Amino acid sequence: MENKKVVVITGSTSGIGEELTKLYSRSEDFRIFAGYRNPDKISNNLENVDYFYINLADTKSIISAADYIKSKVGKVDILINVAGSVVAGPVEVLPIDKLKEQFQINTFSHIEFVQNLFPVLDNSRIINISSMASFGHFPFISPYCASKRSLDIFFNALLIENHKNLEIVSIKPGVIATPIWEKSVNSNEQILNNNIYYAKELSFLKNNALSNTQKGLDVRIVAEKIKEISLKKRVKSSYLIGKDAIFAQILSYLPQDLINNLVKLGLKARISNCK
Ligand SMILES: NC(=O)c1ccc[n+]([C@@H]2O[C@H](COP(=O)([O-])OP(=O)(O)OC[C@H]3O[C@@H](n4cnc5c(N)ncnc54)[C@H](OP(=O)(O)O)[C@@H]3O)[C@@H](O)[C@H]2O)c1
């Protein structure tokens with residue numbers, strides 16, 4: 001028990017987090033804490049996994065979750081901030097509350113969780129599941145892009161500033177086949193269905209999101225990669241997963257006006273078939 005690496009994962013009831021939890025639980029080398037917000041979704045209920053409640057939209061819950069972990073262990077070796085959501089919509093009509101919600105879930109909550117876990121973080125590795133969206137090229141999901149970019153900026157600052165030898169890694173995957181896309185269509189339904197000015201663009205966005213559930217990378221392969229990165233002897237501060245993520249990074253080297261023109265052209269070509 002004593003020599004086991006302590007791994008904390010949020011978002012363990014779906015997609016990447018669920019796969020990661022399963023992967024670590026197959027080995028005796030880890031003591032795993034897995035965060036959930038809905039107890040009904042703990043389908044695999046793995047015996048050697050300590051499930052803890054965390055709702056990233058609620059500060060009290062974030063503090064309680066960190067307190068629970070601190071009461072159980074003196075050190076967290078690997079923290080993987082996986083949980084996240086997608087808020088979509090044109091900036092013109094984006095409800096500010098939805099924008100705040102996006103930053104709370106994808107950015108602020110992870111900072112708050114880490115702040116509260118600080119006493120048990122020392123020579124630890126923090127892995128954030130950011131996204132290729134952090135490069136900021138995707139219109140109509142700008143809340144998601146901005147929240148991921150902000151996450152990367154804050155944690156990169158923490159990497160430079162911290163006095164506890166923390167290693168901080170941003171993993172930026174491209175599209176992965178997980179339920180997040182279908183969830184995003186449901187949770188943004190109001191805004192995606194009711195806009196006369198951007199009807200074609202939003203219809204494309206919706207169809208594209210739904211098709212991501214099939215055409216994205218296999219989540220098991222992505223989880224394997226993340227686990228591999230989490231156990232490397234030496235890590236870089238940023239990793240890309242998927243060809244689309246590599247493309248997004250290359251695009252980001254171009255001047256902003258050129259990027260904007262390319263994105264506009266790409267969007268125009270892709271929505272020309274939408275009703
Ligand atoms: N899928 C992709 O294409 C892709 C690409 C790049 C990056 N990512 C990032 O990867 C991470 C995992 O996404 P995924 O694709 O695995 O999506 P997913 O299947 O929807 O999983 C997201 C997880 O986060 C949890 N969660 C969402 N909001 C929460 C909240 N307020 N409090 C606590 N937990 C919450 C969900 O809980 P429930 O199970 O209760 O819903 C779920 O367990 C996200 O940060 C996402 O941005 C995904």
Side-chain angles (χ1 to χ4, degrees), residues 8-23 34-44 49 51-66 80-88 98 100-110 112-113 127-138 141 143-152 155 169-188 208-223 225-226 238-246 248-249:
V8 176
I9 302 167
T10 60
S12 72
T13 47
S14 177
I16 300 171
E18 186 174 17
E19 282 308 318
L20 273 174
T21 305
K22 279 193 230 160
L23 268 182
Y36 69 88
R37 67 170 164 175
N38 181 352
D40 299 338
K41 293 189 76 178
I42 307 176
S43 54
N44 40 333
V49 174
Y51 287 94
F52 66 96
Y53 174 74
I54 184 165
N55 178 358
L56 299 182
D58 174 16
T59 289
K60 274 193 197 144
S61 145
I62 295 169
I63 295 171
S64 305
I80 315 186
N81 292 311
V82 184
S85 66
V86 179
V87 169
K98 290 285 283 179
K100 287 181 182 167
E101 173 199 303
Q102 179 73 108
F103 273 84
Q104 173 59 28
I105 290 168
N106 284 3
T107 315
F108 303 147
S109 65
H110 302 302
E112 209 166 15
F113 193 40
I127 297 185
N128 287 332
I129 308 305
S130 177
S131 166
M132 68 169 173
S134 166
F135 293 114
H137 308 316
F138 305 98
I141 54 163
Y144 182 65
C145 297
S147 67
K148 291 294 188 182
R149 184 77 193 121
S150 302
L151 178 77
D152 287 343
F155 275 85
V169 181
S170 161
I171 298 189
K172 301 176 183 70
V175 173
I176 310 159
T178 72
I180 200 170
W181 300 111
E182 210 176 322
K183 288 180 197 170
S184 75
V185 169
N186 295 335
S187 61
N188 295 294
N208 194 49
L210 292 173
S211 70
N212 283 344
T213 310
Q214 276 100 47
K215 73 177 188 217
L217 285 173
D218 184 331
V219 66
R220 287 165 300 184
I221 294 171
V222 175
K225 261 221 130 19
I226 295 169
S238 176
Y239 289 87
L240 303 169
I241 300 182
K243 287 188 187 132
D244 45 354
I246 295 170
Q249 183 171 51

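All residue numbers refer to positions in the sequence shown, counting from 1. We count ligands from 1, going down the list as the structure has it; atoms in each ligand are counted the same way. The figures that follow rest on heavy atoms only: side chains count, while hydrogens, waters and symmetry mates do not. Because the structure is predicted, anything quoted here is derived from the model rather than measured.
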Per-atom contacts, ligand 1 versus [X] - under 4.0 Å to a heavy atom:
| X | value |
| --- | --- |
| Ile16 | 10 (O), 12 (C), 16 (O) |
| Asn55 | 30 (C), 31 (N), 32 (N) |
| Lys41 | 38 (P), 39 (O), 40 (O), 41 (O) |
| Gly174 | 3 (O), 5 (C), 6 (C) |
| Ile129 | 9 (C), 10 (O), 11 (C), 45 (O) |
| Leu56 | 30 (C), 31 (N), 32 (N), 33 (C) |
| Ile54 | 32 (N), 33 (C) |

Could you find the nearest protein heavy atom to [atom] and give me its residue, atom name and distance?
| atom | result |
| --- | --- |
| atom 12 (C) of ligand 1 | Val82 O, 3.4 Å |
| atom 39 (O) of ligand 1 | Thr13 OG1, 2.7 Å |
| atom 17 (O) of ligand 1 | Ile180 CB, 3.2 Å |
| atom 23 (C) of ligand 1 | Gly11 CA, 3.8 Å |
| atom 22 (C) of ligand 1 | Gly84 O, 3.8 Å |
| atom 6 (C) of ligand 1 | Pro173 O, 3.5 Å |
| atom 37 (O) of ligand 1 | Arg37 NE, 3.3 Å |
| atom 1 (N) of ligand 1 | Thr178 OG1, 3.1 Å |

*Under a heavy-atom criterion of less than 4.0 Å, does Glu19 contact ligand 1?*
no

*For Pro179, is the nearest heavy atom under 4.0 Å from an atom of ligand 1?*
yes

Between [options], which one has a non-hydrogen atom sitting closest to [atom]?
| atom | options | answer |
| --- | --- | --- |
| atom 47 (O) of ligand 1 | Tyr144, Trp181, Tyr36, Tyr53 | Tyr144 |
| atom 3 (O) of ligand 1 | Ile176, Thr213, Asn212 | Ile176 |
| atom 25 (C) of ligand 1 | Ala57, Ala223, Gly15, Ala83 | Ala83 |

Can you find a side-chain donor-acceptor pair between [X] and [Y] that sits under 3.5 Å?
| X | Y | answer |
| --- | --- | --- |
| Ser170 | Lys172 | yes |
| Asp152 | Ser134 | yes |
| Asn55 | Ser61 | no |

Check: [X] side chain, [Y] main-chain N or O, donor-acceptor pair, under 3.5 Å:
| X | Y | value |
| --- | --- | --- |
| Ser12 | Ile9 | no |
| Ser109 | Gln104 | yes |
| Gln249 | Leu240 | no |
| His110 | Leu56 | no |
| Asn212 | Ala177 | no |

*Return the orientation label for the Phe103 and Phe108 ring planes: parallel under 30°, perpendicular over 60°, tilted otherwise.*
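Ring orientation of Phe103 relative to Phe108: tilted.
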
When you look for heavy atoms under 4.0 Å from ligand 1, do you find them on the side chain of [X], its backbone, both, or neither?
| X | answer |
| --- | --- |
| Ser130 | backbone |
| Thr10 | neither |
| Lys183 | side chain |
| Ile105 | side chain |
| Met132 | neither |

*Are there more than 12 heavy atoms of other residues, nucleotides or ligands under 6.0 Å from atom NZ of Lys225?*
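No, because the 6.0 Å sphere around NZ of Lys225 holds 12 heavy atoms or fewer from other groups.
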
*Is the NZ atom of Lys215 crowded by more than 12 outside heavy atoms at less than 6.0 Å?*
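More than 12 within 6.0 Å, yes.
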
*asked:* Any carboxylate oxygen within less than 4.0 angstrom of a Lys/Arg side-chain nitrogen, looking at Arg220 and Asp218?
replied: yes

_Let's go through Asn106 and Leu151 carefully: what are the C-alpha distance in whole Å and the side-chain angles of both, what is the deciding distance for side-chain contact (heavy atoms from CB on, under 4.5 Å) to 0.1 Å, and is it a yes or a no?_
CA-CA 7 Å; Asn106 284 3; Leu151 178 77; over 6 Å; no

*At what distance, to the nearest 0.5 angstrom, does CD1 of Ile171 lie from CD1 of Ile129?*
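Between Ile171 CD1 and Ile129 CD1, I get 4.5 Å after rounding to 0.5 Å.
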
*Between CH2 of Trp181 and OG1 of Thr213, what distance do you get to the nearest 0.5 Å?*
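Answer for the CH2-OG1 pair, Trp181 versus Thr213, is 9.0 Å.
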
I want to know if ligand 1 touches [X] in the polar sense, i.e. an N/O pair below 3.5 angstrom.
| X | result |
| --- | --- |
| Asn38 | no |
| Val175 | no |
| Gly17 | no |

*Exercise: identify the closest heavy-atom pair between Val87 and Asn188*: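 For Val87 versus Asn188, the nearest heavy atoms are CA-OD1, 3.6 Å.
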
